[in-house]
Structures are given as structure tokens and as C-alpha cells.
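Counting begins at 1 with the first residue of the sequence.
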Amino acid sequence: MSQPAPPVIFAPARRLAQRGRALHLQLRPGAATYLIDDMVADVAERLAFLRHVPRRVLAIGDLGALGLALYGPETEVTGLDPAAGFDLEAPYPLRGFDTVVSLGVLDTANDLPGALIHLRGALAPGGLAIASFIAAGSLPALREAMLVADGDRPAPRLHPAVDVRAGGQLLQRAGWADPVVDSRTLAVRFSSLDRLVADLRAQGLSNCLANPGPPLSRQQRAMARERFGSGTTETFEILTLTGWKR
């Protein structure tokens, strides 16, 4: 019996445009990179803790940062990104890696269990997989500002997200061995709502919902800016999934 198709929460075309815009914005001086920087630093710490020395690495969606962090004479890093048409929800074109790292892209996969299965499939036996992405609990100040702006008729503005418990269930379904799921909080202070929105776009976190809702009116934007305020500390929850292929 065939499995039912997963619900279409995110629009592939919007996701492709989102990633392409992020890569373009990253070329600008002073572009925001704190989320990918945090994820890359965390990967390096995990590899050291696990005493796993990567030799052949597949890096997905890292904007090139992981390759620089893992650079060494015996480390070969291959990068793939949705902006180049790489499909997260299809079998990977390359296999046999001892390390596969996915950073900041799985949060917009419609078939997340399938994406995790394909990620594991790219590993050689004994290989390590690490996947980090924005999780449930992120951007509470932005969510509140959008609710205030929408009033009695809230519209879909921000992405639904996975929490730690759901992450553990997903890894069990995907067949990862010795799975570990954890999350951490990154707090960032913003001078305005517009600064936050600019940073989200530069880091590939703008809206790519299949049903994004109507755009905010000028009055609604003003209400959202006022609610968000200035000098506001926003939080990002980063979920990390780790496991092996036995």
C-alpha cells in the first residue's frame, strides 16, 4: 500500500527563491550570519566531543561556512544547497560520505521524515549525520507583533516548527542509530522590526509557506513595528539532530 503524500505546507518555488535571495544577500558587506556561525561552531564542538574525524563530508545549506571550518589536508567537503535546485526530499545524488551535515534548511521540508531518511542514505556505514535548523519556540516577539497587527483575523505569517520531542520521534522513524536530539537558545538584540526582517531574509528565513496569507497593510505594518519596539531581544531556538548509520 502506498503511503499518503505529505501535506504541502511550504511552496517549493518560494523556498527556492528564498534560498537564492539569501545567497545573494550574503555577498553584501555586514550581512547577518550569526545563525549559520552558531550552527557551524556547534558542529565543530560535536565532532571534537565524539572524536569523529571527518574525511569525506557532505555539507547541505551551510553557505560555505562549514567547509572553511573543517578545512584540512585530509578533509574533502562537498556542498549542496536548495538554491542550486538540490531537492531535500529526494534521494541524494551523492553517497558514501563519512559525515553529512545539514544546516538551516530542513525546517522547510514538507516531508521531513523522508528528508531525514535520504540524509541517512547518503552516509557510508559507520557515518555520522548532524542536522540543525530553527525549531519551535523561535521568534516569540515577532509572533506577538504579527498577532497584534492581524487583530481578530490572524493570518499564517510564520512557519510551523519542530520541537525536541517531535525531533526524537522523527529520528526513530528515519532509522538513525544512537539518536540524540537537543536544542539551544540564541538571543539577538534588534534595533527595530525592520532590522529583524532584513536579517531573516539574509539568512534564508523569510516566509515560504504555500499559503502565506495576505500582505500586511501600511497600518498593520505600523502596528507591528510599534509592538515590536526598539532594542528588543529576540530568541531563536536551534534544534540539532545527531545520529549514525550502522
Side-chain angles (χ1 to χ4, degrees), residues 3-25 32 35-36 61 81-83 87-89 102-116 131-167 169-170 183 185-188 190 192-229 232-239 241:
Q3 295 292 325
V8 179
I9 300 172
F10 305 101
R14 288 174 62 88
R15 181 171 61 192
L16 182 64
Q18 172 203 64
R19 292 295 299 180
R21 180 170 57 247
L23 289 176
H24 176 72
L25 292 174
L35 289 171
I36 196 68
D81 195 280
D87 188 353
L88 298 167
E89 301 172 44
S102 174
L103 302 180
V105 292
L106 287 180
D107 54 306
T108 57
N110 287 310
D111 182 11
L112 185 50
L116 292 172
S132 291
F133 50 91
I134 300 302
S138 295
L139 302 170
L142 177 59
R143 291 180 186 276
E144 183 179 351
M146 292 297 100
L147 287 173
V148 169
D150 282 327
D152 295 334
R153 305 183 69 177
R157 304 289 182 190
L158 278 75
H159 297 168
V162 176
D163 60 15
V164 170
R165 181 178 179 181
Q169 295 171 342
L170 287 166
S183 68
T185 300
L186 181 64
V188 183
F190 293 95
S192 66
L193 177 60
D194 291 333
R195 181 67 264 173
L196 168 61
V197 171
D199 280 12
L200 294 179
R201 287 174 175 166
Q203 297 178 98
L205 292 174
S206 55
N207 191 325
C208 64
L209 291 168
N211 177 23
L216 292 173
S217 66
R218 181 178 298 179
Q219 180 181 7
Q220 286 176 309
R221 288 196 297 271
M223 293 173 63
R225 290 188 181 106
E226 181 179 0
R227 183 65 177 186
F228 188 84
T232 299
T233 298
E234 185 62 285
T235 56
F236 298 86
E237 291 290 332
I238 302 175
L239 185 71
L241 314 178

Between E237 and S138, is there a side-chain donor-acceptor contact under 3.5 Å, judged purely by atom types and distance? no

Only counting residues at least two apart or in another chain, list the ones meeting ring-ring contact (aromatic ring centres under 6.0 Å, His included) with F190. none

Can you run down the ring-ring contact (aromatic ring centres under 6.0 Å, His included) pairs that involve residues 196-218, sequence neighbours left out, and say none if there aren't any? none

Going through the distances and angles, do L106 and L112 end up as a side chain to side chain contact (heavy atoms under 4.5 Å, CB included)? CA-CA 7 Å; L106 287 180; L112 185 50; 3.9 Å; yes

Is the count of non-hydrogen atoms from other residues, nucleotides or ligands lying under 6.0 Å from R201 atom CZ greater than 12? no

Would you check if the side chain of Q169 reaches a backbone N or O of A166 as a donor-acceptor pair within less than 3.5 Å? no

Identify the two heavy atoms, one from V162 and one from A135, that lie closest to each other, and give their separation to 0.1 Å. O-CB, 3.2 Å

CG of L209 to CZ of F10, rounded to nearest 0.5 Å, is 6.0 Å

Which heavy atom of G213 sits nearest to which heavy atom of A155, and what is that distance? CA-CB, 4.5 Å

How close do Q220 and D150 get, heavy atom to heavy atom, and via which atoms? NE2-OD1, 3.5 Å

Pairwise distance CD(Q203) to CD(Q18) - rounded to 0.5 angstrom: 11.5 Å

Kindly give the heavy-atom pair with the smallest separation between T235 and G137, and that separation in Å. OG1-O, 4.2 Å

R14 side chain to N207 main-chain N or O, any donor-acceptor pair under 3.5 Å? yes

Rounded distance [0.5 Å steps], CD1 in I134 versus CG in L139: 7.5 Å

Do you see a donor-acceptor pair shorter than 3.5 Å between the side chains of S206 and R21? yes

Euclidean distance, S102 OG relative to L241 CG, rounded to 0.5 Å: 9.0 Å

For the residue pair V148 and M223, what are the closest heavy atoms and their distance? O-CE, 3.4 Å

All side chain to side chain donor-acceptor pair (under 3.5 Å) counterparts of D107, not counting sequence neighbours: none

Test your reading of the model: is there a side-chain donor-acceptor pair from N110 to the backbone of V8, 3.5 Å cut-off? no

Measuring from L200:CG to L25:CG, what's the distance to the nearest 0.5 Å? 11.5 Å

So, the side chain of E234 versus the backbone of A141: is there a donor-acceptor pair under 3.5 Å, distance only? yes

Please say whether more than 12 non-hydrogen atoms of neighbouring residues, nucleotides or ligands are located less than 6.0 Å from CD in E226. no

Which residues satisfy the side chain to side chain donor-acceptor pair (under 3.5 Å) test with S183, sequence neighbours excluded? none

Approximate separation, where rounding is to 0.5 Å, of F236 CZ and T185 OG1: 11.5 Å

Decide, yes or no, whether a salt bridge links R157 with E144 under the criterion of side-chain N to carboxylate O below 4.0 Å. no

Taking the side chain as every heavy atom from C-beta outward, state whether T233 and V188 have any atom pair closer than 4.5 Å. no

Provide the full list of salt bridge (Lys or Arg N to Asp or Glu O under 4.0 Å) pairs with a residue in residues 205-218, sequence neighbours left out, each pair given once. none

Any chance you could lay out the side chain to side chain contact (heavy atoms under 4.5 Å, CB included) test for R15 and V105, step after step, and finish with the verdict? CA-CA 9 Å; R15 181 171 61 192; V105 292; over 6 Å; no

CA sep, side-chain torsions, deciding dist, call: H159, L205, side chain to side chain contact (heavy atoms under 4.5 Å, CB included): CA-CA 9 Å; H159 297 168; L205 292 174; over 6 Å; no

A side-chain contact here means heavy atoms from C-beta on lying under 4.5 Å apart; do L16 and P82 qualify? no

Evaluate L193 against L142 for side chain to side chain contact (heavy atoms under 4.5 Å, CB included), listing each step before the verdict. CA-CA 8 Å; L193 177 60; L142 177 59; 3.5 Å; yes

Counterpart residues, side-chain contact (heavy atoms from CB on, under 4.5 Å), relative to P6 (two or more places apart): D111

Minimum side-chain heavy-atom gap I9-P160 below 4.5 Å: yes

Provide the closest heavy-atom pair for A83 versus L23 in the form atom of the first, atom of the second, distance. CB-CD1, 3.2 Å

